[in-house]
Each structure stands twice: as structure tokens, then as C-alpha cells.
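Structure, as C-alpha cells:
Just the heavy atoms: all of them, side chains too, but no hydrogens, waters or symmetry mates, feed the values below. Start at 1 with the first residue, then count along the sequence. Keep in mind that what you see is a predicted model, and the values were worked out from it rather than measured.
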Amino acid sequence: MLCLAVTIGWFLYRASDDATEVLARDSLMEIMGRVGQATDRQLQAARGALLVVAPAVIKPAYGHDPGLFIPFPHDFAAIEERLWIADGLSREPTYVYFGAEDGSFIGLRRDIHNHYMFTRRDKENRSYLYSLEGPGAKLDPILNQNFDPRTRPWYIHAMERQQETWSPVYSDFRTKRLGITLSKPVYGPGRVPVGVVGSSIGLNRLSDFLAAQQFTHGEVVFIIEQNGNLVATSVDEPIHHFENDILVRHSASQSRSPMVRQAYAHLLDLLEKRELVPGQLLVTRLQGDASSIELAYRLHHDDAGLDWIEVSAVSRLGFLGSVTGGVYQTLLLGLVAVCMTFVLGFAILRWVLRDIRKLTLAAKSIGNGEPFVPLNIDRKDEIGQLAQSFQEMEHNLRTDRLTGVLNRDSFFAQIDFRCKRGNPGVPVQFALLFIDLDKFKEINDQFGHDEGDRVLMAAAVHLQHALRKDDAVARFGGDEFVIYLDGVADEDVAKSIAEKVRHCLNQPIAGRDGVSLSIDASIGVALFPRDGLDMETLMRVADARMFDQKRIHRILSPQDPARAHPKSQSIADA
């Protein structure tokens, strides 16, 4: 009886330990996914502003044509117009500006209250700072400045590198908060350099985002530079201060959080043995620690010179508490059952291990990218609550929150799992459809984001209804979707399915106040293994073919964006 009781306890401990480890690592992966998306959004705000003010060379999809070069204007009125357009594309406070080789300067800054600061400096070194409410509003002079853009680090670094360049992290002279600038040189006719365009963003938004996350198991997340200086952290602590008006950055080794310090020390040991691969998530455990801290690292690399390391750490004890309650209760029942009869005790043992093993196997299947199998655990105790929480976590981890279809990471993981199951006798064959919704931007601009969200949700429903059981659909980002067609190896078949999908998306969508909305779609097709042996290549091929379709649609069906939805417009006017 004693041996049986020990055996029960040992099996329960192993099952709960396995489930705790997998749940902790899955939580890390979900957190790192959110952190990566937040970092991308923050940095893309600066890059998007630069693309509006100084468009890149437009290159063709195929061939060796150097592309179309768009000269930068010399007229400050034209530059000012681009600055206003760039500002209108971002919800965040922005600062975009241009410094010319002759020393003239123009800049537009928007604060959190949607008030604007407008700066101009002519080539005679006269600088003026104005306040205004919006485009075309009256300029209220504030002060004159002694400012030469050619002496600023963002100007000097961009001219030296002759490409997009991130500045070092600095402190904004007004707000005393950390910021960073992306700048690039611009050229006039004949590719003669005329100056530098810059876009500055504040980094406090990253820390605010991390601090606002609801971490229920004591997780900590932080972002550092290669030298260990903190860029953002979920810990409520300052990451910089000033000594005699000189900025002093704080290192992760100086954090108030012991977990942050331990994670950074472990990272330093790790970097002595290996290099981090940009974009690759590395999950490991802090060896020799009694609390068994699980760690995740990822290098966020940018060709413009930015190398940040995203770090997440969680103690397994936070997850163990949610598992051990049910385990201890079940163990007590097992001991009572053993005292009554051997047979009844063995039956209880199997009943207990069944559900815990289901949780363990389901957690491991998620980690391997396998399709999730319903747990079918109908219990009212802690294990039932854990199973319900697990299913909710799995749904949030794998699906897009708005449309309910798969998200990008889950979509790629499932395709990778299916590819691994293939063998020479039964080769893996499938097709990818890359879908971009036409007319969606017009709907978003004309009717607002709520109607845009309604269109995205309706499009996701149409796509799901158009697919077979073994196919899959995911939201790739914005108004882009991607479809996996299982077993489709023929290009004509794939194109036929793509046309069917496009027809489904053409169905009218009921909008607000009886308005009928309509969209179209441009769809690119890629076949595995004909067009590529990895997802990156297949997505690139499908994306290029999608853009070819979009150009054809624009040529065959040119129309004024204001008339993209004639039915909707007539109903609204009525």
C-alpha cells in the first residue's frame, strides 16, 4: 500500500512538473510575440513617416531594372505638405523634419494633445518656432532658435553611412524622456545629395505597453541594447536619470528586480558561448536556481544599425500553484482509496492521471505546432478550471483576436508540423494563397475603423466557408490573409480555388445603418515544393504574384476612390 501511494505521488509529480514546464514556456512564447509586435509597431512608425516624406526607389518585381527614382523637392511648401501627410498616418505623437545642405530646416512635431510645433530655419541662419492647431492654421510665434541641423548627430550619421540610420538613444530636451531617431539622406535630380530627412519617436510607449500587460504569474519583460542599457521594462522603475543635466542610462544589472538581474547575468554567460540569431526565439532555463526560472531571448536586428535584445523571464512556481491544488486533492483521494481497496485505488489513479496527461500532451502538441485536439475535460475542480484556462490560452495564442482565424505564427507552425510528417513515399504538396483586400482602405477612410473591422471579420467568415476541412486560413496582418490548400499541387487548380475565394469575398457586406459594403481581392498563388522549399520563399513568391494581380485589377478597373462603393454612397445619401 505504501509503495502504491508513493507511486501515485511520483506519477502525479511528474505529470504536474511536465505540464508546468510546458505552460511556462508557452506563456513565454506568447509574451515574446506581443513584445515583438509592439517593438515593430514603434519602430515602423518612424520608418513609415520617412517613406512618406522621402519615398524609396520603386523597383520592379522582376528583371534588373534599377527602378524609378523620385527626386526630393527643393520647394519647402512641397516638403511641408509631405510632413503633414506623414503626421496624419500615425496615431502616436510624431516629429518629422528635413535638414538641407545649406543649413535650412523644416520640422513638424505633434504632442499627445494633438497640438503642433512647427520649425523653420532659412539659409540665412534665422530659426523660428511656431505653435499651431493644424494644417493651414494660424502660426503663433513662440521663440527664435539658434539651430543648425548639419551639426546634429542624426544628420552627420546619415550622410556618413549614405543610408537609413538609427541614432543612439537620447533624451528629449523638453520631456526628458528617452527617444531615438531614424534618418536617411535624400537626393535631388541627378542624385545630388540635398539633405537628410529624420523621424523621431519616444521610447516611453514601449515601457508603458510592457507595464500595462496583465502578467498573472510574476513574469518580467525588458528590452536592452547590446551594452545592457535598458530601453523598456515591465518593472516599475526608472531606466535613466540626469546628473548635472547629463543623461545617465540604467543597465539591466542595476534593476531592482532580482529576476531581471538574473536573466541579464545568464544572457551574458550565454553570449560568451554563442551568438543570437536575429529574429530567432531562444528559450532556456536558469540552471541551479531553486525557483526554476524559464527565460526567453530574441535579437531584434535592423539593417539601419539597431540591435536590441528582448528578454522575458518567468518562475515556474507561478504555474505550479495552479496545478498542484488539483494534484494534492487527487493524491489524498488516492490514499483513501488505497486504504479501502487496491482495485478502487488503482481506478482512481488512472482517472487522475488521464486528465493531467491530457493537459501535458496537449501542451506539448502546441509547442510542436500540431493542430489542437479538444481536451474533453468536463470537471468542476481545479483541473477542470486549468483545462478551461488552457483552452482559452491556446485560443488566444493561435488565433487573431479580431477575426477569429489563425494568426501568423500559429499558421506557420501548423504548416511546419505537416511538412515534418511527410516522407518520400507520401510527399508533402500544398498551395499558398496570399490575399490582399482591394478597396478596404477606401472603406476604412470613408466609414471609419469600426466598419473596417466589420469588413475584416466578414471577410474572414467568407474565407472559412470557402475552404475544405484540411485547409487553413490566417490573418497575415492589416487587410492581408493567407490560405493553406492541403494537397493542391496543380497551378490551374490553385488558381481556380483562388477565383472561387475571390468570388466569395465579392459578396456584399452589411454595414452600419443599412449601408452595403463591397470589396475585392488580389490573390497570389505559390506551390510547394515547386516555388520554394521554405515558407519565407513561398510567401515572397505569393506576395509578388499578388501585387501583379493588384496592378492588373487597377489597370482593368480604374476608379475614383470616392466612388469605390456606389451602392453604399447612394444609401448613405438617402
Open item on the list: side chain to side chain contact (heavy atoms under 4.5 Å, CB included) for Leu538 and Phe528? Distances and angles first, verdict last.
Closed with: CA-CA 7 Å; Leu538 289 173; Phe528 177 91; 3.8 Å; yes

Task: Check against salt bridge (Lys or Arg N to Asp or Glu O under 4.0 Å), Asp450 and Arg454 - done: CA-CA 6 Å; Asp450 289 342; Arg454 188 193 303 272; over 6 Å; no

Open item on the list: A side-chain contact here means heavy atoms from C-beta on lying under 4.5 Å apart; do Ile239 and Ser207 qualify?
Closed with: yes

TODO: Examine distances only and state if a side-chain atom of Ser234 and a backbone atom of Val221 form a donor-acceptor pair shorter than 3.5 Å.
DONE: yes

Task: For Asp479, the option from Asn444, Leu456, Asp438 that meets side chain to side chain contact (heavy atoms under 4.5 Å, CB included) - done: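 Only match with Asp479 under side chain to side chain contact (heavy atoms under 4.5 Å, CB included): Leu456.
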
Task: Criterion side chain to side chain contact (heavy atoms under 4.5 Å, CB included) against Tyr297, the qualifying member of His266, Glu310, Met32 - done: His266

Task: Ionic contact status for Lys273 with Asp269, cut-off 4.0 Å - done: no

Under 6.0 Å from the [atom1] atom of [X], do we count more than 12 heavy atoms belonging to anything else shown?
X      : atom1 : answer
Lys176 : NZ    : yes
Asp236 : CG    : no
Arg468 : CZ    : yes

Open item on the list: Tell me if the aromatic rings of Tyr170 and Trp154 count as close, with their centers under 6.0 Å from one another.
Closed with: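 No.
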
Once the angle between the rings of [X] and [Y] is folded into 0 to 90°, is it parallel (under 30°), tilted (30 to 60°) or perpendicular (over 60°)?
X      : Y      : value
Phe430 : Tyr484 : tilted
Tyr95  : Tyr97  : tilted
His250 : His241 : tilted

Can you tell me how far [atom2] of [Y] sits from [atom1] of [X], rounded to the nearest 0.5 angstrom?
X      : Y      : atom1 : atom2 : result
Arg41  : Phe209 : CZ    : CZ    : 5.5 Å
Ser253 : Asn229 : OG    : CG    : 9.0 Å
Ser312 : Leu295 : OG    : CG    : 8.5 Å
His240 : Arg177 : NE2   : CZ    : 9.0 Å
Arg47  : Trp166 : CZ    : CH2   : 6.0 Å

Task: Arg274 and Leu270: CA distance, side-chain angles, deciding distance, side chain to side chain contact (heavy atoms under 4.5 Å, CB included) verdict - done: CA-CA 6 Å; Arg274 59 182 297 181; Leu270 183 67; 3.7 Å; yes

Open item on the list: I'd like to know whether Phe434 forms a side chain to side chain contact (heavy atoms under 4.5 Å, CB included) with Ile523, so could you lay out the CA-CA distance, the side-chain angles of the two residues, the decisive distance to 0.1 Å, and finally the verdict.
Closed with: CA-CA 5 Å; Phe434 193 94; Ile523 304 177; over 6 Å; no

Task: Stepwise side chain to side chain contact (heavy atoms under 4.5 Å, CB included) check, Ile201 with Leu43 - done: CA-CA 8 Å; Ile201 56 175; Leu43 299 180; 4.1 Å; yes

Open item on the list: If only side-chain N and O atoms count, and only distance matters, is there a donor-acceptor pair under 3.5 Å linking Thr181 with Ser200?
Closed with: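 On atom types as modelled, these side chains qualify, holding a pair under 3.5 Å.
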
TODO: Would you please say whether a donor-acceptor pair under 3.5 Å links the side chains of Ser257 and Glu237?
DONE: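 No pair is found: no donor N or O on one side chain lies under 3.5 Å from an acceptor on the other.
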
Open item on the list: What verdict does the salt bridge (Lys or Arg N to Asp or Glu O under 4.0 Å) test give for Asp470 and Arg418, after you've listed the backbone C-alpha separation in whole Å, the side-chain angles of each residue and the deciding distance to 0.1 Å?
Closed with: CA-CA 11 Å; Asp470 292 332; Arg418 298 186 187 192; 5.8 Å; no

